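Small disclaimer: the values here were computed from a predicted structure and weren't measured. We're numbering straight along the sequence, starting at 1.
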Amino acid sequence: MSIDIEKKLTPKAGGKLGRPADEEKRLAIVHAASGMFFDVGFAATAIEQVAAKAGVSKVTVYNHFGDKRGLFVATVEHQCEQMRDHFTLDMESEGNLRERLLALGIAMTNFLARPEMTRFELRIAAETEHEPEVGRSFLDAGPRRMRMQFCLMLQHEVDQGRLQIDDLPLAAEQFVSMCKGFADLERRFGAANDPERNRERIEGAVNVFLKAYG
């Protein structure tokens, strides 16, 4: 049975897509906004600049996303979609549970370890001090949404009898925290990424997780 978890989640900001040309414009706007949000942060990003970079009018941006916060949510969701394939429930064709958890941990760590992601999160944290809603928007569109997807994946494993978990959100947080380890904090303060050590940490996280819940 194959269920795309994205279909279970809240629709993306911007409403329904229309013709293919509308979808192309929407993606162009999201790509342009992503670069600006990552480079200069939320507060310094202007709709006019995004529109110019995307080659569309300011009205087109507002028609698709409503306002800058709606555009910001859409860009965060777009980033998270890069991991979507790791949260589909087509379990029969993707190896055993250990292999899938390992692949998930590696994908998540690579996603979070990107320098631009570290810069982006630091900017969002700083801007949240002045605009708390920016932080809430980021959490809802990014980390909380990913946790929901992971919980659905774990629930499928519980239903199949491969895991025994009473508190799915807690188990999801435990796995993510073990995969991130101390390195997540170190990268925020300038330490270099260490892929080999990341792999060792993730393998250990999978072993501990399966011993606790397998």
Can a donor-acceptor pair be found, under 3.5 Å and without considering hydrogens, that links the side chain of Lys58 to the backbone of Ile47? no
Could you list the residues that satisfy salt bridge (charged side-chain N to carboxylate O under 4.0 Å, His left out) with Arg123, not counting sequence neighbours? none
Rounded to the nearest 0.5 Å, how far apart are CD1 of Ile106 and CG of Leu101? 11.0 Å
Short side-chain donor-acceptor distance under 3.5 Å, Tyr213 and Glu157: no
Interatomic spacing from CG in Leu139 to CZ in Arg144 - rounded to 0.5 Å: 4.5 Å
Would the number of heavy atoms belonging to other residues, nucleotides or ligands and lying under 6.0 Å from CD of Gln164 be above 12? no
Might you point out which heavy atoms bring Val134 and Phe72 nearest each other, and give the distance in Å? O-CE2, 3.9 Å
Approximate separation, where rounding is to 0.5 Å, of Glu131 CD and Arg69 CZ: 5.5 Å
Check against side chain to side chain contact (heavy atoms under 4.5 Å, CB included), Lys53 and His31: CA-CA 9 Å; Lys53 190 174 180 180; His31 288 153; over 6 Å; no
Does any part of the side chain of Phe37, heavy atoms only, come nearer than 4.5 Å to the side chain of Lys68, both counted from C-beta? yes
Which atom of Ala33 lies closest to which atom of Thr75, heavy atoms considered: CB-CG2, 3.6 Å
To the nearest 0.5 Å, what is the distance between CG (Leu210) and CG (Leu102)? 10.5 Å
Considering all heavy atoms, the nearest Asn198-Asn193 contact: ND2-OD1, 2.9 Å
Run Phe42 and Phe138 through ring-ring contact (aromatic ring centres under 6.0 Å, His included) and show every step you take. CA-CA 11 Å; Phe42 179 86; Phe138 170 73; over 10 Å; no
Taking side chain as C-beta onward, heavy atoms only, is Leu104 less than 4.5 Å from Arg100? no
Please round to the nearest 0.5 Å and tell me the distance separating atom CD1 of Ile165 and atom SG of Cys151. 8.5 Å
Closer than 3.5 angstrom, by distance alone: can the side chain of Arg199 be matched with the main-chain N or O of Glu196 as a donor-acceptor pair? no
Decide yes or no on salt bridge (Lys or Arg N to Asp or Glu O under 4.0 Å) for Arg187 and Glu121, but give the supporting numbers first. CA-CA 11 Å; Arg187 285 192 298 269; Glu121 290 184 350; over 6 Å; no
Would you check, one step at a time, whether the test salt bridge (Lys or Arg N to Asp or Glu O under 4.0 Å) holds for Asp184 with Arg188? CA-CA 7 Å; Asp184 188 58; Arg188 294 171 186 271; 3.7 Å; yes
Are Val158 and Val208 linked, directly or through intermediate hydrophobic residues, by side-chain heavy-atom contacts shorter than 4.5 Å (ILVMFWY only)? yes
Locate the shortest heavy-atom distance separating Arg147 from Ala172; write the atom from each residue and the value. CG-CB, 4.3 Å
Give the intermediate values and the outcome of side chain to side chain contact (heavy atoms under 4.5 Å, CB included) for residues Val50 and Val56. CA-CA 9 Å; Val50 172; Val56 301; over 6 Å; no
When you look at CG of Asp167, are more than 12 heavy atoms from neighbouring residues, nucleotides or ligands closer to it than 6.0 Å? yes
Check whether any side-chain N or O of Glu99 sits under 3.5 Å from a backbone N or O of Asn96 as a donor-acceptor pair, and report yes or no. yes
Check the pair Arg136, Glu133 against salt bridge (Lys or Arg N to Asp or Glu O under 4.0 Å), reporting the backbone distance first and the verdict last. CA-CA 5 Å; Arg136 285 192 289 269; Glu133 185 60 30; 3.0 Å; yes
Check Ala51 against Val61 and note the closest heavy-atom contact, atom names and distance. CB-CG2, 3.9 Å
Take a 6.0 Å sphere around NZ of Lys180 and say whether it holds more than 12 heavy atoms from other residues, nucleotides or ligands. no
How many angstroms lie between CG in Leu71 and OG in Ser137, if you round to the nearest 0.5 Å? 11.5 Å
Can you check whether Leu163 reaches Leu97 side chain to side chain, under 4.5 Å on heavy atoms? yes
Please step through side chain to side chain contact (heavy atoms under 4.5 Å, CB included) for the pair Arg201 and Phe182, ending with a clear verdict. CA-CA 10 Å; Arg201 184 184 303 108; Phe182 200 65; 5.9 Å; no
Take the angle between the ring planes of Phe209 and Phe175 and call it parallel below 30°, perpendicular above 60°, tilted in between. perpendicular
Glu127/Ile124 under side chain to side chain contact (heavy atoms under 4.5 Å, CB included): CA gap, chis, key distance, verdict: CA-CA 5 Å; Glu127 290 167 0; Ile124 292 301; 4.0 Å; yes
Close side-chain approach of Glu23 and Arg26, heavy atoms under 4.5 Å: no
Are Asn207 and Glu203 linked by a side-chain donor-acceptor pair shorter than 3.5 Å? no
